[in-house]
Amino acid sequence: MQVQLERVLEQVLARNPGEREFHQAVTEVFESLGPVLERNPQYVDAAVLERLCEPERQIIFRVPWVDDTGQVRINRGFRVEFNSALGPFKGGLRFHPSVYLGIVKFLGFEQVFKNSLTGMPIGGGKGGSDFDPRGRSAGEVMRFCQSFMTELYRHIGEYTDVPAGDIGVGGREIGWLFGQYKRITNRYESGVITGKGVTWGGSLVRTEATGYGTVLFAERMLATRGLSFDGMRVTVSGSGNVAIHAIEKAQALGAHVVACSDSLGYVVDEAGIDLEILRQVREVERLPVAEYAARRSGAHYVASARVWQVDAQVALPCATQNELDENDAKRLVDAGLLAVAEGANMPTTPGAVALLQSAGVLYAPGKAANAGGVATSALEMQQNASRDAWSFEHTEERLAGIMARIHDNCAETAEEYGDPGNYVLGANIAGFTKVADAMLALGVV
Ligand code: GLU
């Protein structure tokens with residue numbers, strides 16, 4: 001890494017102590033940027049890197065609510081408005097006990113580059129809370145969402161900051177959040193949040209988009225080596241919205257998806273995952289994935305272990321950050337792994353990424369591979385702005401076009417910078433350049 005980059009990185013790490021995931025995300029991007037700064041000294045002169053690493057605004061707030069037993073509970077809420085050079089801040093809300101400022105900042109930082117790669121007019125931000133929805137009744141989650149929005153509403157807006165879902169925040173929670181926003185502001189401002197239900201301003205394909213997009217990206221990446229999903233043995237981590245739709249699209253392309261997981265363990269089903277049962281267990285009944293194995297003959301469950309124990313030709317991490325480490329990568333490579341595409345944000349550790357790349361495995365980083373979700377959010381905003389609703393086919397076509405362009409942009413950028421096939425380099429440089437140029441154009445703001 002260049003001296004200049006190293007100096008800025010050191011400053012960023014020192015200014016944000018203890019934010020491990022944020023450090024990881026920033027370091028990963030900086031490692032790609034040396035050659036860009038050499039060709040473009042204007043970025044250094046305008047302190048673009050320093051500005052990119054400092055969020056435009058960070059909001060931390062108290063979220064008080066009352067549980068079903070009448071006890072008052074307090075959680076911490078966050079919204080980090082990272083960069084609005086390309087459009088209003090855009091990014092999801094995560095409700096999970098692991099959430100703290102370092103997680104929200106890593107997600108927000110990644111979102112800036114991801115959103116830039118989509119080619120859509122959206123800046124980057126992220127938010128959430130350390131609230132744990134697991135084991136909470138629907139009434140408790142609704143009251144929590146209402147309290148969260150009672151503070152958040154003053155900071156967001158269709159031209160300012162547009163939240164959506166992430167881990168722990170799905171269509172149900174988006175409804176409760178939007179309902180409270182509408183009540184407080186007395187405005188039916190559809191474009192203030194995305195991931196809405198299709199009968200009240202949402203977009204078709206938004207639910208499917210992240211998982212579908214990840215598989216479409218992987219399909220195009222496989223094609224660069226004359227490969228396809230047809231007959232490919234695939235494993236997926238997670239069994240939430242992203243994982244389920246990745247499985248669905250991979251199966252539609254002829255893949256043999258044999259395993260998926262949750263935070264407690266994984267299921268193996270050599271006959272191929274039965275999506276109907278998986279959906280019933282995870283989406284309708286909200287039960288652990290172990291229940292899938294109980295209901296499906298021939299499937300078995302392995303507790304307290306990672307799905308990467310199962311051999312695969314294509315691995316799709318669709319659960320959470322740092323869920324595939326160096327040991328997992330080594331095992332998978334030894335067993336014949338050909339490709340990894342990330343449906344989750346930063347699921348592969350830096351050591352594992354290095355190992356995959358040096359083993360010649362095709363590797364698609366999340367900020368490129370899972371950008372279909374937020375891209376379709378931007379399509380939802382577009383429909384809201386024109387008070388229109390597109391068909392499933394049209395919206396999916398738009399998504400497919402966007403994923404193809406992101407893939408090709410990453411691949412061409414990697415080639416231009418002398419490292420063909422390096423999607424990390426391509427994604428970071430292409431994502432960065434667009435934001436950096438907009439920042440230069442907008443002056444020191
Ligand atoms: N949380 C998703 C992501 O990581 C989607 C964000 C959005 O649609 O705004 O990109």
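Just follow the structure's listing: the first ligand is 1, and inside any ligand the first atom is 1. Just so it is clear, the values below take in all heavy atoms, side chains as well, and ignore hydrogens, waters and symmetry mates. Since this is a predicted model, take the numbers as computed values, not measurements. Residue numbers start at 1 and run along the sequence shown.
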Going by salt bridge (charged side-chain N to carboxylate O under 4.0 Å, His left out), name the pairs with one or both residues in residues 102-122, residues two or more places apart or in two chains.
E19-K105, E110-K367
What salt bridge (charged side-chain N to carboxylate O under 4.0 Å, His left out) pairs are there with at least one residue in residues 135-144, not counting sequence neighbours?
D68-R143, R136-E140
Of all pairs that satisfy salt bridge (charged side-chain N to carboxylate O under 4.0 Å, His left out), the ones with a partner from residues 241-254, not counting sequence neighbours:
E248-R279, K249-E396
May I ask you to check whether Y188 and F178 place their ring centers less than 6.0 Å from one another?
yes
Please verify the inter-ring angle class for H245 with Y212; under 30° counts as parallel, over 60° as perpendicular, anything in between as tilted.
perpendicular
With distance as the sole test, does T214 use its side chain to make a donor-acceptor pair with the main-chain N or O of A369 at under 3.5 Å?
yes
With a 4.0 Å heavy-atom cut-off, what residues sit around ligand 1?
K90, G91, G92, Q111, K114, K126, A164, G165, D166, R206, N345, V374, S377
